[in-house]
Peer 1: 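Sending over a structure as structure tokens; questions will come in a sec.
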Amino acid sequence: MHDHDHGHDHGSELSDTQLRVRALETILTEKGYVDPAALDAIVEAYETKIGPRNGARVVAKAWTDPAFKAALLEDASKAIATLGHFSRVGDHLIAVENTPQRHNVIVCTLCSCYPWEMLGLPPVWYKAAPYRSRTVKDPRGVLKDFGVTLPAATEIRVWDSTAETRFLVLPMRPAGTEGWSEDRLAEIVTRDSMIGTGLPTVTT
Amino acid sequence: MNGVHDMGGMDGFGKVEVEPNEPTFHEPWESRVMAMVRAMGANAGFNIDMQRFSRESIPPATYLSASYYQKWFLGLVKTLLDNKLVGADEIAAGHSLRSGATLPRGPFEKKDVVRVMTRGSFHRDVANPPNFKLGDKVCARNLNPTTHTRLPRYVRGHVGTIERINGSHVFPDTQAHLRGENPQWLYTVVFSGRDLWGDDADPTVKVSVDAFEPYLEVAQ
């Protein structure tokens with residue numbers, strides 16, 4: 001915390017935060033607002049069930065099933081809801097397709113909007129000032145920070161998540177994956193490729 | 001509000017630093033903050049917009065230096081205090097000093113967890129048809145409220161094109177301040193990078209925001 005000054009070093013600043021968070025949980029528990037076991041269950045779900053594997057399965061399905069891909073691009077929430085075995089998805093999800101002509105990148109300049117159900121909790125860089133400030137102005141420079149260089153003529157389309165719509169990039173299926181199963185394809189779909197800051201790659 | 005949270009287009013923050021194999025949480029307290037925010041949001045009826053506004057209201061120097069979950073913690077404490085669910089004396093004491101209020105949805109228990117794991121729907125029907133259609137040229141209005149808004153500064157005054165009509169949604173500008181859901185049509189408006197950033201900008205860049213109808217006017 002930086003809203004008071006006790007001359008702490010960095011380590012005790014962290015423990016100060018720890019203590020304050022623990023105290024707040026005690027207050028909320030004593031007041032009967034929350035059951036700590038229910039908080040445990042939320043944490044466990046985000047640590048074990050909700051993550052980019054969900055999105056990767058959707059992308060792999062779209063790569064192998066043209067009817068599903070068309071449905072996904074038409075209404076992603078509706079299309080994913082038909083795949084009962086995935087985690088439930090909220091409303092207002094929009095899938096945007098990368099093509100040789102256009103590369104999509106997702107950002108939230110105002111806070112940290114992100115398709116949690118598809119990708120899990122956002123990484124620190126997604127929520128931090130460098131990414132939030134630069135992506136709408138210099139997306140090619142940001143992509144360079146990720147080691148991604150695209151052809152100079154490719155349109156870069158940045159989607160700023162300023163409302164309750166959420167965006168999932170449908171990356172291009174890499175060459176050399178012909179005949180692969182959905183499971184195998186899902187393995188190469190990285191989190192960053194579904195944000196637009198990475199590309200799926202086939203390691204040989 | 002024209003806060004430091006509205007970062008689109010600012011310079012000077014440096015490179016994006018990616019942490020390989022980043023864990024879901026870096027410290028256990030981060031996970032407790034996330035869970036408390038979700039739980040109290042769900043059962044105390046803190047809507048997403050008021051939670052965002054509480055974080056945007058963190059003083060700028062603190063906002064820029066605090067970590068993400070520190071901001072969430074500060075925002076949660078502010079929301080709890082503003083809603084009189086916890087007293088400042090209790091925050092200082094580190095434990096409860098009086099009995100709690102009754103939350104709109106009761107105590108947050110295990111049975112409530114499944115409900116917070118799926119995003120709610122923000123769609124609301126409205127009687128009026130959308131004022132704009134696909135392909136219309138619109139100008140993002142020069143609005144500078146000191147209250148919550150989701151119209152970023154970098155598009156204000158610029159002309160873009162309606163690319164998608166996303167239905168009618170809860171309007172954050174009123175909902176954040178408990179002035180009603182006041183649903184409005186929501187559009188994806190796309191701008192050229194050069195219109196936003198000038199002739200030196202990359203000509204291949206296009207940027208869209210999702211803008212509510214009150215943010216937009218017909219381009220002259």
Side-chain angles (χ1 to χ4, degrees), chain A residues 1-3 14 17-18 20-21 23-28 30-35 37-39 41-43 45-47 88 90-92 109-112 117 120-121 123-125 127 129-134 136-137 139-140 142 145-146 153-165, chain B residues 5-10 13-19 22 24 29 31-33 35-36 38-40 52 62 64-66 68 70 73 77 86 90 94-96 99-100 103 107-110 112-113 116-123 150 152 154 166 169 186 197 202 204-210:
Chain A
M1 289 299 126
H2 299 262
D3 53 346
L14 276 184
T17 300
Q18 263 170 353
R20 294 176 65 184
V21 170
L24 184 65
E25 186 174 337
T26 301
I27 296 168
L28 299 184
E30 287 174 352
K31 285 187 168 295
Y33 296 156
V34 298
D35 173 4
L39 302 184
I42 295 177
V43 173
Y46 282 108
E47 285 188 322
R88 295 164 66 194
D91 281 356
H92 323 309
T109 59
L110 296 173
C111 49
S112 55
E117 293 102 336
L121 297 173
V124 168
W125 59 259
K127 305 176 286 196
Y131 187 75
R132 284 167 54 189
S133 61
R134 280 174 60 214
V136 292
K137 187 179 179 189
R140 282 184 193 270
V142 168
D145 290 351
F146 288 86
T154 302
E155 177 190 321
I156 311 287
R157 172 55 187 278
V158 180
W159 301 76
D160 191 354
S161 306
T162 53
E164 292 309 327
T165 36
Chain B
H5 69 282
D6 184 359
M7 293 182 160
M10 290 174 76
F13 287 114
K15 280 185 70 169
V16 178
E17 300 289 346
V18 178
E19 178 185 348
E22 183 181 327
T24 306
W29 68 264
S31 70
R32 304 316 285 182
V33 170
M36 285 191 278
R38 300 293 284 172
M40 292 305 291
R52 288 200 182 111
T62 306
L64 290 174
S65 56
Y68 182 71
Q70 282 174 334
F73 177 73
V77 169
V86 170
E90 296 175 303
H95 58 86
S96 174
S99 56
L103 301 185
F108 188 87
E109 294 167 348
K110 271 188 155 177
D112 299 309
V113 172
V116 303
M117 299 314 291
T118 303
R119 264 160 58 74
S121 176
F122 294 83
H123 170 80
R150 297 292 289 180
Y154 73 88
N166 297 307
H169 287 218
L186 178 66
W197 309 114
D202 183 338
T204 64
V205 171
K206 288 185 177 160
V207 180
S208 65
V209 299
D210 281 0

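Because the structure is a prediction, the values reported are computed rather than measured. The chains referred to below are lettered A, B, ... by the order of the sequence lines, with proteins before strands, and numbering in each begins at 1.
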Peer 1: What part of S31(B) lies closer than 4.5 angstrom to a heavy atom of chain A: side chain, backbone, both or neither?
Peer 2: both
Peer 1: Under 4.0 Å between a Lys/Arg side-chain N and an Asp/Glu carboxylate O for E17(B) and K127(A)?
Peer 2: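 Looking at E17(B) and K127(A), the cut-off is not met.
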Peer 1: Using every non-hydrogen atom in the two residues, find where I42(A) and A35(B) come nearest and quote the distance to one decimal.
Peer 2: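 Looking at all heavy atoms of both residues, the shortest contact is CD1-O, 3.8 Å.
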Peer 1: Using atom types as modelled and distance alone, determine if a side-chain donor or acceptor of W197(B) lies under 3.5 Å from a backbone N or O of V136(A).
Peer 2: yes
Peer 1: Is it the side chain or the backbone of D6(B) that comes within 4.5 Å of chain A heavy atoms, both, or neither?
Peer 2: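 It is both, since atoms from each part get that close.
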Peer 1: Report which part of H169(B) has an atom under 4.5 Å of a heavy atom belonging to chain A: side chain, backbone, both, or neither.
Peer 2: side chain
Peer 1: Checking P123(A) against chain B: side chain, backbone, both or neither under 4.5 Å from a heavy atom?
Peer 2: both
Peer 1: Under 4.5 Å from any heavy atom of chain B, what part of L39(A) do you find: side chain, backbone, both or neither?
Peer 2: both
Peer 1: Check side chain to side chain donor-acceptor pair (under 3.5 Å) between T24(B) and all other residues, then give those that pass, not counting sequence neighbours.
Peer 2: none
Peer 1: At a 4.5 Å cut-off on heavy atoms, which part of L121(A) comes close to chain B: side chain, backbone, both, or neither?
Peer 2: side chain
Peer 1: List the residues meeting ring pair (Phe, Tyr, Trp, His ring centres under 6.0 Å) with F122(B), not counting sequence neighbours, and say none if there are none.
Peer 2: none
Peer 1: Step by step, would you call D35(A) with K110(B) a salt bridge (charged side-chain N to carboxylate O under 4.0 Å, His left out)?
Peer 2: CA-CA 8 Å; D35(A) 173 4; K110(B) 271 188 155 177; over 6 Å; no
Peer 1: Against chain A, label E90(B) side chain, backbone, both or neither, depending on which of its atoms sit under 4.5 Å from a heavy atom there.
Peer 2: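 Contact with chain A is through both the backbone and side chain of E90(B).
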Peer 1: At a heavy-atom separation under 4.5 Å, does R150(B) approach chain A through its side chain, its backbone, both, or neither?
Peer 2: both
